[in-house]
Number of protein chains: 2
Amino acid sequence: MLLVERGQEPYAGRWALPGGFLLPEESAEEAARRELGEETGLADVSGLHLEQVRAYSEPGRDPRMRVVSVAFAALLPDPPEPRPGTDAAEARWTPYERATGLAFDHDRILANARARVGARLESTCLATAFCPPEFTLGELQQVYESVWGTPLDRPNFRRKVLATPGFVEPVPGGARLTGGRGKPAALYRAGPATALHPPLPRTPREGHPA
Amino acid sequence: MLLVERGQEPYAGRWALPGGFLLPEESAEEAARRELGEETGLADVSGLHLEQVRAYSEPGRDPRMRVVSVAFAALLPDPPEPRPGTDAAEARWTPYERATGLAFDHDRILANARARVGARLESTCLATAFCPPEFTLGELQQVYESVWGTPLDRPNFRRKVLATPGFVEPVPGGARLTGGRGKPAALYRAGPATALHPPLPRTPREGHPA
DNA sequence: CCCTTAATAGTCAGTACGACTATAAAAGGG
DNA sequence: CCCTTTTATAGTCGTACTGACTATTAAGGG
């Protein structure tokens, strides 16, 4: 999770989600994309998928004034080290589990975002947007495991992904050898499909073990 | 779908989704609830479930000024005849299929709302909120069929609903006879469950008939 | 008194899923 | 250079669930 340390009151010194205000002629998604680029120093935020989480409009969210926020979630495969933007003391990547005690109502926003992304992983091909252009099935599985927080059986995961037409397609003739410690894994690309039929369920189905 | 006929420019005479502006000290959900009450004349909108669809912030959505809208969807079991509120010429219930050509970007909002509610029907117990306090399984099935636009096999629907613990529970000792033309159906109430495990899939699974 | 309608009960074959075992192909350590 | 470790990939198997279908029951209508 990309967090920034606030430099000003309120909540000075506390960590918060990066954000900012709309310019007169941009949409909330364009604003979120611009803020993300300013915060990470990433050059090509234009191709990135931004998932709208929801809007937060309760009065009193910001003690200074009435603020309505629209939260977006983006997925970065190989994120660069962030550089703090304006009015932020520092910026840092933080694991989800340690990203608590945030300023404002950002704890809730972060939880909503995780739930939203996790649900989209079940029924859409969103997971490939989390991977580099060419990836192994092990990397794709790690996306699911880290967002869901659940270990998955590798052969079964493999079977279901490959059985879904258009989810992934093998790159013409390649296997990856350099860094790996075991047998080299085949490389795949994102396929043309956008929805997952049938959905990829969160493996250990809860509720009926007998 | 509850639609209002606009009495003022822009889009005078066109049908649109009901809506309004936030008061200084209310959240978007509170504002949506208030507007719904004003528009329908319904007394007890307080217990109604409001599902946030998403926010719409593109510049130029409203030709008069910059407007950011947060859309909500509510489900009314037995809706009363609406009465037009301020600056609306008329208000009317309209089937989803005929609710096209709306003012502003309301066609898109309506499609997003339908997709959102349809997705929530698969994985949550939201459908019971669409029914009266006591309902038959046939009525519950009609909720799914009308939102999804798909006919469902009645015995199979029945089996899955009853197999999900906490989804519905039978009312102590009753069957409904008066209006029905066939065999009287048993009455059920909403159960304590809130999530559906396993989810109730959109019956004819697309993609693998062989 | 039959015919229609709708609810409920039950059957059955195909299949997808989870759990598990086995093999292959690399790196590393002695 | 062999042996262990590690990881990817292949395959097996029994269970449980699903979708499609048929049958029975209980009302109302003509």
Side-chain angles (χ1 to χ4, degrees), chain A residues 121-123 131 134-145 148 150-165 167-171 173-189 196-210, chain B residues 122-123 131 134-146 148 150-165 167-171 173-189 196-210:
Chain A
L121 284 188
E122 287 187 69
S123 55
C131 295
E134 300 189 342
F135 51 87
T136 69
L137 292 186
E139 291 170 334
L140 188 67
Q141 182 177 345
Q142 280 178 12
V143 171
Y144 280 89
E145 289 178 335
W148 286 350
T150 322
L152 273 69
D153 180 79
R154 202 186 294 262
N156 291 340
F157 177 82
R158 170 186 197 74
R159 189 209 318 170
K160 296 175 88 165
V161 168
L162 294 179
T164 303
F167 190 8
V168 299
E169 48 192 27
V171 63
R176 141 170 173 271
L177 334 132
T178 50
R181 262 230 290 282
K183 177 177 177 178
L187 287 175
Y188 292 87
R189 277 197 213 122
L196 248 45
H197 274 285
L200 215 152
R202 254 125 147 143
T203 2
R205 280 198 192 177
E206 310 153 78
H208 38 114
Chain B
E122 288 189 69
S123 56
C131 296
E134 301 189 342
F135 52 88
T136 69
L137 293 186
E139 290 169 335
L140 187 67
Q141 183 176 345
Q142 280 178 13
V143 172
Y144 281 88
E145 290 178 335
S146 55
W148 286 349
T150 323
L152 275 73
D153 181 80
R154 200 186 294 262
N156 291 341
F157 177 81
R158 171 187 197 74
R159 190 207 322 173
K160 295 174 90 166
V161 167
L162 294 179
T164 303
F167 190 8
V168 299
E169 47 194 27
V171 61
R176 137 170 177 273
L177 336 132
T178 51
R181 263 232 289 284
K183 177 176 176 178
L187 287 175
Y188 292 86
R189 276 197 214 123
L196 247 46
H197 274 286
L200 214 151
R202 254 124 148 143
T203 2
R205 279 199 193 177
E206 310 153 78
H208 38 112

> Is it true that a side-chain atom of Gln141(B) and a backbone atom of Leu152(B) form a donor plus acceptor pair closer than 3.5 Å?
Replying inline: yes
Rounded to whole Å, CG of Leu152(A) lies from P of dC17(C) at a distance of 13 Å
Scanning both residues in full, the closest heavy-atom pair of Glu134(A) with Glu139(A) reads O-OE1, 4.3 Å
Comparing Pro199(B) with Tyr188(A), nearest DNA chain D nucleotide closer to 5' gives the residue Tyr188(A)
Those residues at least two apart in sequence (or on a different chain) that pass salt bridge (Lys or Arg N to Asp or Glu O under 4.0 Å) with Glu145(B) are none
Between CZ of Arg202(A) and C1' of dG18(C) the distance, given in whole Å, is 18 Å
Phe157(B) atom CZ is separated from dG10(C) atom C1', nearest whole Å, by 19 Å
Here the distance between atom P of dA10(D) and atom NZ of Lys160(A), to the nearest Å, is 18 Å
Phe167(B) and Leu140(B): side chain to side chain contact (heavy atoms under 4.5 Å, CB included), yes or no, with the steps? CA-CA 11 Å; Phe167(B) 190 8; Leu140(B) 187 67; 4.2 Å; yes
Leu137(A) CG to dT7(D) C1', in whole Å, measures 13 Å
Distances for protein N or O near nucleotides 3-7 of chain C N or O, under 3.5 Å:
from	atom 1	to	atom 2	distance (Å)
dA7(C)	OP1	Arg154(B)	NH1	3.3
dA7(C)	OP2	Arg154(B)	NE	2.9
dA7(C)	OP2	Arg154(B)	NH1	2.5
dA7(C)	OP2	Arg154(B)	NH2	2.7
dA7(C)	O4'	Lys183(B)	O	3.4

Across all chains, not counting sequence neighbours, the side-chain contact (heavy atoms from CB on, under 4.5 Å) partners of Ser123(B) are none
Taken to the nearest whole Å, CG/Asn156(B) to P/dT22(D) is 13 Å
Does Arg159(B) contact dG19(D) through a side-chain donor or acceptor facing the base, at a distance under 3.5 Å?
yes
Do any N or O atoms from the side chain of Tyr144(A) and from the backbone of Leu121(A) form a donor-acceptor pair under 3.5 angstrom? yes
Between CG of Asp153(A) and P of dA22(C) the distance, given in whole Å, is 15 Å
